[in-house]
> 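One structure follows; several queries about it will come next.
Heads up: numbering here begins at 1 and tracks the sequence. Atoms considered below: every heavy atom in the structure, side chains included; atoms not considered: hydrogens, waters and symmetry mates.
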Amino acid sequence: MSSINRRTRISRRTAMALATTSVVAALAVTAPSMANAMSDSSSGTRHSATRTQTTATAGTAPNLRVKAANGITYQYRRFGHPRAGSVPLVFLQHFRGTLDSWDPKLIDTIAAKREVILVDNVGVGGSTGTTPSTVQQMALDAVDFIDALKLPRYDVFGFSLGGEVAQEVALRRPWQVRRVVLAATGPQGGVDQRASDPDILQRTLKDTPGPEDYLFLFFKHTPSSQAAGGEFLQRLGERTTDLDAPSSLTTRDHQLTAWSDWGVTDKSKLVRLKALFQPTLVADGESDILMPAKNSHLLAKYLPDAQLHIYPDAGHGFLYQYAVQFGTEVNTFLDR
């Protein structure tokens with residue numbers, strides 16, 4: 001099926017869900033009100049590291065809030081099926097992404113075997129504050145959130161820009177981060193991480209893009225990958241209540257500055273990866289036009305303990321195209 005035909009089948013509900021999504025930002029002019037959709041908490045005490053199994057899913061988990069020592073109130077979702085000996089998995093989202101940008105099929109596959117924590121970092125979605133313009137500060141902000149939840153030990157999952165933040169968190173908190181998953185991302189100083197193609201830039205930075213932009217940026221330009229992208233967009237429409245707020249244009253601009261600075265080619269930066277000693281799963285789609293897979297190869301080369309998986313016929317959104325397969329791979333890796 002062509003991408004054009006696929007687009008015509010995307011429902012209005014999915015378009016509204018995309019208002020809170022990803023690299024191509026808001027598709028709706030106004031976001032759903034968050035005022036009555038949250039469970040407030042002034043501290044992380046009641047959300048401590050010990051949790052019981054919950055029946056919530058990516059589509060039903062409530063929005064929670066916690067105020068950290070840095071004065072920021074973070075919005076997050078916490079659910080899943082923790083098992084003896086497991087630790088929570090903290091998810092760090094991509095450029096302009098929010099809580100609602102995660103594929104529910106991927107998250108629920110992973111949450112079936114462990115506890116998951118999805119978070120809006122500073123200034124993103126329902127979290128307060130102003131988004132910083134450096135990956136390093138984003139990492140410090142993520143650590144403040146994790147400290148507010150009083151997590152002594154945890155795994156991190158970073159997607160795209162979130163993968164850059166995840167690397168910094170693992171480097172700064174080696175005594176807490178147990179294992180790392182890096183999806184469609186790259187090392188500081190890597191290669192071809194600063195998009196220069198006019199079509200890619202125009203679609204990435206558009207104020208009010210459409211589903212076709214997301215399909216272009218995240219999925220390979222083949223019928224099979226585009227069809228998988230359409231199915232993913234449909235899944236984003238499954239959650240209809242307690243929605244997150246979309247990222248602002250200010251967040252877009254600050255994140256773009258951070259992403260661009262991180263992507264300046266500098267081989268001397270790669271040596272830092274030798275200090276990220278935690279076991280790491282690195283994965284990407286073979287046709288990623290936003291974070292070329294050659295950067296995943298660099299990560300696998302320089303990280304002391306990494307395994308690499310490049311998915312075929314896929315782009316930046318490979319983890320959504322192969323949601324169950326990659327979710328199962330993540331669980332297997334984290335259980336080792």
Side-chain angles (χ1 to χ4, degrees), residues 49 76 80 82 85-95 97 102 106-107 109-111 113-119 121 135-136 138-147 149 151-190 193 258-259 262 269-285 288 291 293 295-311 316 318-319 322 325-336:
Y76 68 104
S86 69
V87 299
L89 177 60
V90 179
F91 285 76
L92 301 172
Q93 186 57 284
H94 60 75
F95 177 57
W102 293 107
L106 171 70
I107 299 301
T109 297
I110 296 173
K113 295 293 183 67
R114 65 194 67 255
E115 184 178 26
V116 301
I117 300 174
L118 317 180
V119 61
N121 211 342
V135 169
Q136 289 75 18
M138 292 175 187
L140 292 174
D141 292 338
V143 166
D144 281 332
F145 163 73
I146 292 166
D147 285 350
L149 293 190
L151 302 180
R153 192 81 164 145
Y154 50 90
D155 298 325
V156 290
F157 181 121
F159 175 27
S160 193
L161 176 62
E164 299 169 3
V165 177
Q167 292 171 56
E168 288 294 310
V169 171
L171 286 168
R172 293 167 186 271
R173 288 293 180 93
W175 64 91
Q176 288 184 324
V177 176
R178 189 186 69 103
R179 287 180 176 244
V180 181
V181 178
L182 299 177
T185 191
Q188 185 176 18
Q193 294 183 107
W259 186 9
W262 180 273
K269 299 289 187 182
L270 298 176
V271 71
R272 298 177 74 244
L273 294 173
K274 296 295 184 181
L276 203 164
F277 58 78
Q278 297 93 329
T280 304
L281 172 62
V282 181
D284 200 358
D288 189 340
M291 297 289 287
N295 289 288
S296 290
H297 286 279
L298 280 175
L299 285 168
K301 176 181 178 181
Y302 284 93
L303 288 169
D305 187 0
Q307 64 182 67
L308 175 66
H309 189 170
I310 302 298
Y311 282 78
H316 197 63
F318 81 93
L319 65 172
Y322 294 93
Q325 183 176 337
F326 185 58
T328 301
E329 181 177 13
V330 168
N331 278 333
T332 299
F333 167 74
L334 296 178
D335 283 342
R336 287 176 183 163

> Side chain to side chain contact (heavy atoms under 4.5 Å, CB included) with A139: which residues, sequence neighbours excluded?
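Result, side chain to side chain contact (heavy atoms under 4.5 Å, CB included) vs A139: V165, E168, V169, R172.
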> Given the rule in the side-chain contact (heavy atoms from CB on, under 4.5 Å) test, do Q193 and T185 qualify, once you have shown the distances and angles that lead to the verdict?
CA-CA 9 Å; Q193 294 183 107; T185 191; 5.6 Å; no
> Distance from K113 atom NZ to D335 atom CG, nearest 0.5 Å?
6.5 Å
> Determine which pairs satisfy side-chain hydrogen bond (donor to acceptor under 3.5 Å, both in side chains) with at least one residue from residues 295-308, sequence neighbours left out, and list them in order.
Q307-R336
> Do the rings of F95 and W259 sit parallel, tilted or perpendicular, given the 30° and 60° boundaries?
tilted
> So do the side chains of W102 and V116 get within less than 4.5 Å of each other, counting heavy atoms only?
no
> Hey, mind stepping through Q325 and H309 against side-chain contact (heavy atoms from CB on, under 4.5 Å) and telling me if it holds?
CA-CA 12 Å; Q325 183 176 337; H309 189 170; 4.2 Å; yes
> Within this structure, what is the CZ-CG distance for the pair R179 and D155, rounded to the nearest 0.5 Å?
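So the gap between those two atoms works out to 7.5 Å.
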> Work out which heavy atom in I310 is nearest to a heavy atom in A293; give both atom names and the distance.
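Taking every non-hydrogen atom into account, CD1-CB, 4.2 Å.
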> Determine whether a donor-acceptor pair (N or O, by modelled atom type, separation under 3.5 Å) exists between the side chain of W262 and the backbone of G186.
yes
> I need the F159 CZ to L106 CG distance, nearest 0.5 Å.
9.5 Å
> Only counting residues at least two apart or in another chain, list the ones meeting side chain to side chain contact (heavy atoms under 4.5 Å, CB included) with I146.
V90, L151, Y154
> By side chain to side chain donor-acceptor pair (under 3.5 Å), which residues pair with S160, not counting sequence neighbours?
H316
> To the nearest 0.5 Å, tell me how far D141 CG sits from Q136 CD.
11.5 Å
> Look at the side chain of E164 and the backbone N and O of G158, then say whether any donor-acceptor pair between them is shorter than 3.5 Å.
no
> Who passes side chain to side chain contact (heavy atoms under 4.5 Å, CB included) against A258, sequence neighbours left out?
V135, M138
> Taking all heavy atoms of Y76 and all of V119, pick out the closest pair and write down the distance.
CB-CA, 4.0 Å
> Output the distance between atom OG1 (T328) and atom CD1 (I110), rounded to the nearest 0.5 Å.
8.5 Å
> Can you classify the ring geometry of F318 versus F326 as parallel (below 30°), tilted (30 to 60°) or perpendicular (above 60°)?
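Taking F326 first and then F318, their aromatic rings stand perpendicular (interplane angle over 60°).
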> Working note: V143 + Q176, criterion side-chain contact (heavy atoms from CB on, under 4.5 Å); need CA distance, chi angles, decisive distance, verdict.
CA-CA 10 Å; V143 166; Q176 288 184 324; 5.5 Å; no
> For the atom pair CG (L298) and CG (L303), what is the distance rounded to the nearest 0.5 Å?
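L298 atom CG to L303 atom CG measures 10.0 Å (nearest 0.5 Å).
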> Pair up each side-chain donor or acceptor in residues 273-281 with any protein partner under 3.5 Å, not counting sequence neighbours, and list the distances.
unit_1 : atom_1 : unit_2 : atom_2 : d
Q278   : NE2    : A170   : O      : 3.2
Q278   : NE2    : V177   : O      : 3.4
T280   : OG1    : Q278   : O      : 2.9

> I'd like to know if the side chain of N121 and the backbone of L92 have a donor-acceptor N/O pair within less than 3.5 Å.
no
> Under the 3.5 angstrom rule, does the side chain of R153 hit a backbone N or O of W175 as a donor-acceptor pair?
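Between the backbone of W175 and the side chain of R153 there is a qualifying donor-acceptor contact (under 3.5 Å).
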